[in-house]
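Heads up: the structure comes next, in structure tokens.
Below, all heavy atoms of this structure are taken into account, side chains as well, without hydrogens, waters or symmetry copies.
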Amino acid sequence: MKRMKICEYPDIEEKAEFFATKLGHKQFKASQGWLSNWKIRNNVVFRKICDENASVEARRKKFSALRQT
């Protein structure tokens with residue numbers, strides 16, 4: 001079973017630029033094109049998660065719990 005992680009583009013962009021700097025790539029920029037290619041290479045999809053039955057607070061708790069795992 002694959003584990004689902006909830007993250008957003010700014011999180012990925014920040015980490016990519018952090019590691020690029022650590023590896024000595026001073027002019028690297030995590031652009032939309034870079035993100036698109038990265039998602040294809042790593043089989044990553046971004047999807048909107050909807051749950052009409054849950055309240056906003058219940059969803060917030062659920063996402064917080066998922067982010068911590």
Side-chain angles (χ1 to χ4, degrees):
M1 173 189 261
K2 293 184 180 181
R3 291 178 55 160
M4 182 177 78
K5 296 268 185 178
I6 296 176
C7 62
E8 297 176 4
Y9 172 70
D11 298 332
I12 296 169
E13 177 186 44
E14 182 181 330
K15 286 296 183 182
E17 291 178 0
F18 170 79
F19 285 117
T21 301
K22 289 288 185 184
L23 294 171
H25 301 283
K26 297 183 188 328
Q27 295 183 350
F28 174 79
K29 178 68 179 147
S31 65
Q32 288 292 324
W34 175 85
L35 178 64
S36 179
N37 290 329
W38 180 83
K39 290 183 343 185
I40 292 167
R41 280 193 309 272
N42 294 286
N43 196 27
V44 173
V45 293
F46 290 157
R47 296 202 173 131
K48 189 180 282 188
I49 299 173
C50 298
D51 185 2
E52 293 178 359
N53 295 329
S55 69
V56 172
E57 188 61 34
R59 282 186 269 168
R60 187 178 323 170
K61 288 179 183 178
K62 183 178 180 180
F63 292 146
S64 292
L66 287 172
R67 274 194 113 156
Q68 292 174 358
T69 59

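For the side chain to side chain contact (heavy atoms under 4.5 Å, CB included) test, residues two or more places apart in sequence or in another chain that qualify with Phe28 are Ala16, Glu17, Ala20, His25, Ala30, Trp34.
Distance check, rounded to the nearest 0.5 Å: CZ of Phe18 to CD of Glu13 gives 15.0 Å. Atom CG in Asn42 sits 5.5 Å away from atom CH2 in Trp38 (nearest 0.5 Å).
The hydrophobic cluster containing Leu35 also contains Val44, counting ILVMFWY residues as joined when their side-chain heavy atoms lie under 4.5 angstrom apart, directly or transitively.
A 4.5 Å side-chain heavy-atom check between Lys15 and Asp11 finds every atom pair outside the cut-off.
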